[in-house]
Protein chains: 2
Amino acid sequence: MNADVTTSNQDDAALAAPRDALTKLAALLQADMEACNQAIVTRMDSPVALIGQVAAHIVAAGGKRLRPLLTLAAARMCGYAGGQRHVHLAACVEFIHTATLLHDDVVDESKLRRGLDSANAIFDNKTPILVGDFMFARAFQLMVDDGSLHVLHILCSASATIAEGEVLQLVTQHDLTTTEARYLDVVRGKTAALFAAAAQVGAVVAERPVAEETALASYGLDLGIAFQLVDDALDYAADEAVLGKTVGDDFREGKVTLPVLIAYAEGTEEARAFWRRTLEDGQQTEDDLPHAMQLLKRHQAIEKTLDRAAGFVRSAQEALTIFPPSALRDALMDVANYTIKRVH
Amino acid sequence: MNADVTTSNQDDAALAAPRDALTKLAALLQADMEACNQAIVTRMDSPVALIGQVAAHIVAAGGKRLRPLLTLAAARMCGYAGGQRHVHLAACVEFIHTATLLHDDVVDESKLRRGLDSANAIFDNKTPILVGDFMFARAFQLMVDDGSLHVLHILCSASATIAEGEVLQLVTQHDLTTTEARYLDVVRGKTAALFAAAAQVGAVVAERPVAEETALASYGLDLGIAFQLVDDALDYAADEAVLGKTVGDDFREGKVTLPVLIAYAEGTEEARAFWRRTLEDGQQTEDDLPHAMQLLKRHQAIEKTLDRAAGFVRSAQEALTIFPPSALRDALMDVANYTIKRVH
């Protein structure tokens, strides 16, 4: 990884307005994003009213649409101008993401999603399981309609990798002996695989050489890892109103994330006993979250997590250097910086 | 529907050994079934050990493998001899089925599956949700490997229809005002759509004309409806040890099925109040299941449900008459009879 691969132009942009990187990217792709949002609404439709209600709830909640943006941006940066394939595949990527969100919230018993009550909090646990299955199936139908077996291969493999990552997380999440490498395997699966596939299919629809596909997959993968690590950090650091999720969720669910693994590795025997009681045994009192945050602070675990994330951001940016400079390439570079900068 | 479409040969077989119809069909396809079971085991493999454990549990529990048998039988009856596509698609169909079983058991909070503890009873609710997602994804990978967009279209559409049927069931299952037509819509979705797709893809791999595809889809659909209606009847009639599921499950879960809809439609005001209390309001005591069974008996609701099922069996058999007589066609006719006969 090389800290100097970003262009000075892109560095300036990051310093100037890191928070606006996503908005800027979306602005460059405004017509595509509108078409994508329209496709999402149209293809979520079903004669079964409850499916429409859940879909409307989660679509209304919005979210950043980061993954479909990656597909649209990658396709356009690669010169795609042949039709609406990128729009339908972007919608497909968002469907896969939404399906996993619905199932994740049931698995984690989360009460908030995108700043609103989660589907399981409003409906019940049954509805999001089955509507999630519908969205998976609808995503696959969108891919089949696209008609490219190569695209199908990429997105189906990503779906299997996501599910494997989620199961691996179930096994490792209360285990403080999880190594950082194994933790990164979980992150690659549950989060980064879809980022990678989303970016890669952009090159596929543009019929670019395999090196460009690989570069975009690599960008997406490293971006996804950075994104998740920052998410882990934010869970102990963010303002609830800004983040749209409850601070300390991971802690209360007993989830071992990278900040905790760092603090645990460097902690005293007493601190380790604290982490074991609260995360492995799930025995928590009201004072435990503030104490956990103190321990993380003592070992600069949030900063170290963000440092790891910054490494992946640089690596993501480096992957993009095989493409000629363009407004979209700059915007994708900025999005990588935004991943980190949103924490401050 | 015509009761006389079955050949006398097939009628004799049904009278002689209806219970053996599945065994007979499997015997005609022994090598294919072994290859299919092997493919299931191979493709369920994952570096994540927990996935293998859940897979082993549900594969060990076995089940009748009725859906993959339909794919194998349809392909061979259509003269397929070009390779192992039917085997991999049969495995794919079983994966889709297994994924829906895992999710169904979480949704229904079932404790038994195929005569063994269900996955959610052994593991927790989280594991089957995520392993089910993995199996869906793996099923789609198997389809992509097959490489036919037509097959992909059929099986992806079926997957979406299944999920829609499951959601529709969620909405209607505690509602005694559900019409029989709407109830059959649920059954078509949650059960029959996969039977239809399983049989249809057999004709596709054999590259048969569209009329044969349609005939097999029609056979599968009607067979699936009959199968589910008999299942509804068995829930109030069967021997637990034989069926491998708990008698009265549907009643305890407050599920409105066809026998109940029939008894409700014909019932006194007092009986209707009973059904509303027990199924819509979910207020049940120990004596309620025996009383429910008395009410069903009074209105011959089980017999009437089985009569409806018999109509679908005849219709399924009629669809097969476009194929020339063969041992496999006879066996598929017998399987349709078996659907009904297993109740006695």
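Below, chains carry the letters A, B, ... as their sequence lines are ordered, and counting in each starts from 1.
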For [X], does the [atom1] atom have more than 12 heavy-atom neighbours from other residues, nucleotides or ligands under 6.0 Å away?
X	atom1	value
B:Glu207	CD	no
A:Arg276	CZ	yes
B:His153	NE2	no

Residues A:Val48 and B:Glu164: closest non-hydrogen pair is CG2-O, 3.7 Å

Nearest heavy-atom approach of B:Glu166 to A:Leu130 is O-CD1, 3.6 Å

Counting heavy-atom pairs under 4.5 angstrom with chain A, the leader among B:Ile51, B:Asp185, B:Val171 is B:Ile51

Counting heavy-atom pairs under 4.5 angstrom with chain A, the leader among B:Ala137, B:Ser46, B:Cys156 is B:Cys156

So OG1 of A:Thr127 and CG of B:Leu170: to nearest 0.5 Å the spacing works out to 4.5 Å

OG of A:Ser157 to CZ of B:Arg138, rounded to nearest 0.5 Å, is 8.5 Å

Check each atom of [X] against the heavy atoms of chain B and say whether the ones under 4.5 Å are side chain, backbone, both or neither.
X	result
A:Phe140	both
A:Val131	both
A:Leu152	both

Counting heavy-atom pairs under 4.5 Å with chain B, the top scorer among A:Ile129, A:Thr161, A:Leu149, A:Val167 is A:Val167

Audit row: A:His103, B:His103, side-chain contact (heavy atoms from CB on, under 4.5 Å) steps and yes/no:
CA-CA 11 Å; A:His103 287 182; B:His103 287 183; 3.9 Å; yes

